[in-house]
Enquirer: 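Here it is: the structure, laid out below.
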2 protein chains.
Amino acid sequence: MKIRAKIKDAGLKATPQRRLVYEIMQKLQHAPIDEVADEAQAAVPGINVSTVYRIMESFCEAGLLSKINHPNGKTYFDITTSEHHHIINEAGNVTDIEDAELTELIKERLKDKIGEGQIIEKISIQIITSEK
Amino acid sequence: MKIRAKIKDAGLKATPQRRLVYEIMQKLQHAPIDEVADEAQAAVPGINVSTVYRIMESFCEAGLLSKINHPNGKTYFDITTSEHHHIINEAGNVTDIEDAELTELIKERLKDKIGEGQIIEKISIQIITSEK
DNA sequence: GTGTCTGCAAAGAATTTGCAAAGAC
DNA sequence: GTCTTTGCAAATTCTTTGCAGACAC
């Protein structure tokens with residue numbers, strides 16, 4: 001689907017800044033805001049960091065992106081929005097792992113360990129790797 | 001073991017500030033720095049926030065505490081240092097789950113998905129819960 | 001046209017750092 | 001006594017906000 005259509009389908013106006021940010025995220029797959037902002041500013045000098053923040057946030061709310069809890073403290077964003085897991089290496093680079101069966105298995109195993117009256121919203125596994 | 005001994009065994013000097021911070025962490029189990037700092041300042045008015053930051057950091061390096069990737073962006077610390085998992089509820093409160101067998105199972109299942117020449121440093125599952 | 005979005009500059013959180021005095025061992 | 005740690009204030013880094021003009025539809 002074209003970027004313009006994706007953004008509009010998500011209920012947002014397809015501004016040039018949003019189209020650019022989405023395109024950058026399609027390329028990067030996973031990235032912290034400052035990296036996206038740098039790429040954006042390289043492409044279109046006028047674009048502002050706060051705009052990028054607002055766009056990333058609106059994309060998350062609209063279901064176009066998801067957030068990653070990254071060990072380096074910065075907020076990372078992910079072009080993949082379906083339930084999945086992450087491998088994070090020493091450099092902080094993120095790789096996706098899709099394994100719905102595993103997610104289901106964990107959910108089943110831990111479902112009675114969560115509090116009374118609570119439901120599981122999301123399960124995410126982080127695998128931190130280092131050089132052998 | 002006494003707090004003083006724990007700190008010294010970890011190779012750090014057992015200053016009053018460190019003993020206090022460790023005691024607070026034993027009570028809270030999981031907490032962000034500002035909460036620890038508030039508790040510390042309530043107990044001993046002179047203690048400084050930057051000191052608490054430095055203490056938490058030194059405790060992590062010394063293996064007395066571990067860091068938690070918390071979805072609210074702040075760094076949370078955990079008195080438990082052995083491999084384990086977390087349930088995080090809507091309020092941001094953290095609960096531990098110990099399940100070494102599950103960790104092993106996941107490790108076995110995903111070991112060939114990590115990159116060439118890499119080893120798994122750590123596996124952590126986060127379960128985000130919400131009200132039913 | 002109208003309501004949303006952007007740029008800018010300023011404010012606000014969270015965290016770090018430099019340095020001199022204080023304290024642990 | 002020596003080397004580490006602390007307190008303080010200032011600097012950095014990351015993120016959010018207010019507002020006026022610009023733009024999507």
Side-chain angles (χ1 to χ4, degrees), chain A residues 2-24 30-62 64-65 67-77 92, chain B residues 2-24 30-62 64-65 67-77 92:
Chain A
K2 288 227 295 277
I3 290 177
R4 180 174 222 113
K6 284 215 175 202
I7 295 172
K8 296 189 79 172
D9 281 6
L12 299 171
K13 291 189 180 177
T15 65
Q17 294 87 340
R18 284 185 178 149
R19 284 185 272 147
L20 176 60
V21 164
Y22 194 81
E23 198 179 338
I24 291 168
H30 313 90
I33 289 196
D34 55 297
E35 225 171 276
V36 178
D38 286 352
E39 291 255 348
Q41 282 167 341
V44 180
I47 198 168
N48 196 273
V49 199
S50 71
T51 301
V52 178
Y53 271 94
R54 281 186 281 222
I55 289 175
M56 301 300 264
E57 201 56 53
S58 67
F59 279 2
C60 282
E61 280 168 26
L64 289 171
L65 293 179
K67 284 187 193 177
I68 302 175
N69 272 185
H70 198 282
N72 79 1
K74 289 199 265 185
T75 307
Y76 274 61
F77 291 87
Chain B
K2 288 226 295 279
I3 290 176
R4 178 174 223 114
K6 285 214 174 202
I7 296 172
K8 295 189 80 171
D9 281 7
L12 299 172
K13 292 189 180 177
T15 66
Q17 294 87 339
R18 284 185 178 148
R19 283 185 273 146
L20 176 61
V21 165
Y22 194 82
E23 198 179 337
I24 290 168
H30 313 90
I33 289 196
D34 56 296
E35 226 171 275
V36 177
D38 286 352
E39 292 255 347
Q41 283 167 340
V44 180
I47 197 167
N48 196 275
V49 200
S50 70
T51 301
V52 178
Y53 271 93
R54 282 186 280 221
I55 289 175
M56 301 299 265
E57 203 54 53
S58 66
F59 280 1
C60 282
E61 279 168 27
L64 289 172
L65 293 179
K67 282 187 193 177
I68 302 175
N69 273 186
H70 198 282
N72 79 2
K74 289 198 265 186
T75 307
Y76 275 61
F77 291 87

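Predicted model only: the values in this text are computed from it and were never measured. Below, chain A is the first sequence line, B the second, and so on; all start at residue 1. No hydrogens, no waters, no symmetry mates; every other heavy atom, side chains included, goes into these values.
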Enquirer: Between the side chain of A:H70 and the main-chain N/O of A:G92, is any donor-acceptor distance below 3.5 Å?
Expert: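 Yes, because the side chain of A:H70 sits within donor-acceptor range (under 3.5 Å) of the backbone of A:G92.
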Enquirer: Measuring only between side-chain heavy atoms, which start at C-beta, is B:F77 closer than 4.5 Å to B:K67?
Expert: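 With C-beta onward as the side chain, the pair touches.
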Enquirer: C:dC8 P sits how many Å from A:Q17 CD, rounded?
Expert: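 One finds 11 Å between P of C:dC8 and CD of A:Q17, rounded.
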Enquirer: Reading nucleotides 8-18 of chain D 5' to 3', which nucleotides get B (base under 4.0 Å from a protein heavy atom), which S (sugar-phosphate only), which -?
Expert: BB----SBBBB
Enquirer: Identify every side-chain donor-acceptor pair in residues 45-53 of chain A under 3.5 Å, counting partners at least two apart or on other chains, and give the distances.
Expert:
unit_1	atom_1	unit_2	atom_2	d
A:N48	OD1	A:S50	N	2.9
A:N48	OD1	A:S50	OG	2.9
A:S50	OG	A:R54	NH2	3.4

Enquirer: Between CG of A:N72 and OG1 of A:T75, what distance do you get to the nearest 0.5 Å?
Expert: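 Going from CG on A:N72 over to OG1 on A:T75, the span is 9.0 Å.
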Enquirer: With the criterion being N/O to N/O and under 3.5 Å, what pairs connect the protein with nucleotides 20-25 of chain D, and how long is each?
Expert:
unit_1	atom_1	unit_2	atom_2	d
D:dC25	OP1	A:A14	N	3.1

Enquirer: Not counting sequence neighbours, which residues clear salt bridge (charged side-chain N to carboxylate O under 4.0 Å, His left out) with A:D38? List them please.
Expert: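 Salt bridge (charged side-chain N to carboxylate O under 4.0 Å, His left out) check on A:D38 returns nothing, list empty.
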Enquirer: Could you tell me if the side chain of A:Y22 sits less than 4.5 Å from the side chain of A:L64, heavy atoms only?
Expert: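 Yes, side chains in contact.
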Enquirer: Once you build an axis from the first five pairs and another from the last five of the helix from C:dG1-D:dC25 to C:dC25-D:dG1, how far apart in angle are they, to 10 degrees?
Expert: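 Computed from the C1' atoms at both ends, the axes differ by 50°.
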Enquirer: Roughly how many Å is it from CZ in B:R18 to P in C:dA22, rounded to a whole number?
Expert: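 To the nearest whole Å, that distance equals 19 Å.
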Enquirer: Compile the donor-acceptor pairs under 3.5 Å between side chains in residues 4-20 of chain B and protein atoms, sequence neighbours left out, one pair per line.
Expert:
unit_1	atom_1	unit_2	atom_2	d
B:T15	OG1	B:R18	N	3.2
B:R18	NH1	B:K13	O	3.0
B:R19	NE	B:A14	O	3.4

Enquirer: Identify the heavy atoms of A:I24 and A:V36 that sit nearest to each other, and give their distance.
Expert: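 It is CD1-O, 3.9 Å.
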Enquirer: Within this structure, what is the CD1-to-C1' distance between B:I55 and D:dT4, rounded to whole angstrom?
Expert: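 It is 12 Å, rounded to the nearest whole Å.
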